[in-house]
A.B. asks: 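Dropping a structure here in structure tokens format, bear with me for questions.
We use all heavy atoms of the structure for the numbers below, so side chains are in, but hydrogens, waters and symmetry mates are not. Because the structure is a prediction, the values reported are computed rather than measured.
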Amino acid sequence: MNEKSVKVNGVNMRWLEKGNGEPVVFIHGLPTSPDLWRYVVPELTNKKRIAWEMIGYGSSIEEGRHRDISIGHQAAYLASWLDAMDYQKVTLVGHDLGGGVAQIIATLRPNIVQGLVLVNSICYDSWPIPRVKALRALGPVAERFPNTAVRLAMQTFLQEGHVDNERAEESMNYFWKHYEHINAAEAIIRQLRYLDVKDTMAISHMLPDIKVPSRVVWGASDHFQTIDYGNRLARDLNAPIDRIEGGKHFVPIDYPKHVAKAVEEVLKEQIFAKG
């Protein structure tokens, strides 16, 4: 994928891009980056595939230092980028926090969303998870944790979210690189400090109003975002759910074909609706 960036309303925004046509926009979560989608994108063809980077994450950590990087504002950043790029119709694919961003845009800017895929996504009151709340509560104390301690914590988190340690170690190599040469604890605490369940609760009652082709993909053994929330999302969206038995949180990496299949189904449903 080609790395690109542009400044929108004074904010430098970065994304990875491949292909042509109407865009499918992939939105990652915590503590990942656009590389989360590295196995999904090659499974798709004949569409422009864009892995957008949230402000304050990945290579854009410094860009978020003095900005609001809450999920609500991430949705506003992404919407302003879509407008700047003149993308009038997009399909959104979101994982974890990125799924929350996708829900907000689909409810508040329904005119630009023509398809939606949510993968082990935050929703309703499913987040922040208890360990995030506990770490955030430590505040300035946690910001002084050495990188060695933060690296171990991230490694443990990734291991719990993957189906095997080999995948977890690979993910560690991709995602830790954005933290290893900075004060990792400070960056992560800043990310956690902006997590507010009000962002998804404010639009949860509007989810049944989303009338575009949608799919839900969920690792049934995810301890971070449990399958009950996936089932609830599927009901509210009137969408099929692909329940992956044994799957955990990082489904886009462990089960990319399932995610790609859901995207393809949504795209085909769009064509049928237009026809």
A.B. asks: Looking at Glu166, I want to see if its CD is surrounded by more than 12 non-hydrogen atoms of other residues, nucleotides or ligands under 6.0 Å.
C.D. replies: no
A.B. asks: Decide yes or no for Asp35 and Lys177: does some side-chain heavy atom of the first lie under 4.5 Å from some side-chain heavy atom of the second?
C.D. replies: yes
A.B. asks: So with a 6.0 Å cut-off around CG of Asp209, is the heavy-atom count from everything else above 12?
C.D. replies: yes
A.B. asks: Does anything in residues 66-83 form a salt bridge (charged side-chain N to carboxylate O under 4.0 Å, His left out)? List the pairs, not counting sequence neighbours.
C.D. replies: Glu63-Arg67, Asp83-Arg109
A.B. asks: Determine which pairs satisfy ring pair (Phe, Tyr, Trp, His ring centres under 6.0 Å) with at least one residue from residues 90-115, sequence neighbours left out, and list them in order.
C.D. replies: His95-His249, His95-Phe250
A.B. asks: Is there a salt bridge (Lys or Arg N to Asp or Glu O under 4.0 Å) between Lys89 and Glu22 once you walk through the steps?
C.D. replies: CA-CA 7 Å; Lys89 294 291 183 181; Glu22 289 186 344; over 6 Å; no
A.B. asks: What's the spacing between Leu30 CG and Met54 CE if we round to 0.5 Å?
C.D. replies: 7.0 Å
A.B. asks: Scan residues 217-229 for pairs that pass salt bridge (charged side-chain N to carboxylate O under 4.0 Å, His left out), counting only residues two or more places apart or in two chains.
C.D. replies: none
A.B. asks: If a pair satisfies salt bridge (charged side-chain N to carboxylate O under 4.0 Å, His left out) and one of its residues is in residues 250-261, list it, with sequence neighbours excluded.
C.D. replies: Glu43-Lys257, Lys261-Glu265
A.B. asks: Would you call Cys123 and Tyr229 a side-chain contact if the rule is heavy atoms closer than 4.5 Å?
C.D. replies: yes
A.B. asks: Kindly write out the residues that satisfy ring-ring contact (aromatic ring centres under 6.0 Å, His included) with Trp176, not counting sequence neighbours, or none if the list is empty.
C.D. replies: none
A.B. asks: Any side-chain heavy atom of Ile50 within less than 4.5 Å of one from Val24?
C.D. replies: no
A.B. asks: Just jot down the salt bridge (Lys or Arg N to Asp or Glu O under 4.0 Å) partners of Arg14, sequence neighbours excluded, or say none.
C.D. replies: Glu3, Glu53
A.B. asks: Here's one to test your reading of the geometry: is the NZ or CZ of Arg38 within 45 degrees of the ring axis of Tyr174 and under 6.0 Å from its centre?
C.D. replies: yes
A.B. asks: Return each pair, listed once, that meets salt bridge (charged side-chain N to carboxylate O under 4.0 Å, His left out) where at least one residue sits in residues 154-163; pairs must be two or more places apart or across chains.
C.D. replies: Arg131-Glu160
A.B. asks: Under the ring pair (Phe, Tyr, Trp, His ring centres under 6.0 Å) rule, what pairs show up with a residue in residues 186-218, not counting sequence neighbours?
C.D. replies: none
A.B. asks: Looking only at non-hydrogen atoms, find the nearest pair between Lys48 and Gly21 and report the distance.
C.D. replies: CB-O, 3.5 Å
A.B. asks: Take Ile71 and Ile122 through the test side-chain contact (heavy atoms from CB on, under 4.5 Å) and record every step on the way to the result.
C.D. replies: CA-CA 10 Å; Ile71 300 308; Ile122 64 167; 4.3 Å; yes
A.B. asks: Do other residues, nucleotides or ligands put more than 12 heavy atoms under 6.0 Å from the CG atom of Asp196?
C.D. replies: yes
A.B. asks: Taking C-beta and beyond as the side chain, do Ile61 and His178 meet within less than 4.5 Å on heavy atoms?
C.D. replies: yes
A.B. asks: Run the ring-ring contact (aromatic ring centres under 6.0 Å, His included) test against His258 and tell me which residues pass, sequence neighbours left out.
C.D. replies: Tyr255
A.B. asks: Within the 4.5 Å heavy-atom criterion, are Leu237 and Leu118 side-chain neighbours or not?
C.D. replies: yes
A.B. asks: With the threshold set at 4.0 Å, does a side-chain nitrogen-carboxylate oxygen contact exist between Glu170 and Arg167?
C.D. replies: yes
A.B. asks: Sequence neighbours excluded, which residues qualify as ring-ring contact (aromatic ring centres under 6.0 Å, His included) partners of Tyr77?
C.D. replies: none
A.B. asks: Take Glu143 and Arg190 through the test salt bridge (Lys or Arg N to Asp or Glu O under 4.0 Å) and record every step on the way to the result.
C.D. replies: CA-CA 9 Å; Glu143 290 180 347; Arg190 183 166 60 251; over 6 Å; no
A.B. asks: Keeping to residues at least two apart or across chains, list the ring pair (Phe, Tyr, Trp, His ring centres under 6.0 Å) pairs with something in residues 127-150.
C.D. replies: none
A.B. asks: Considering residues at least two apart in sequence or located in another chain, which fulfil the ring-ring contact (aromatic ring centres under 6.0 Å, His included) criterion with Tyr179?
C.D. replies: none
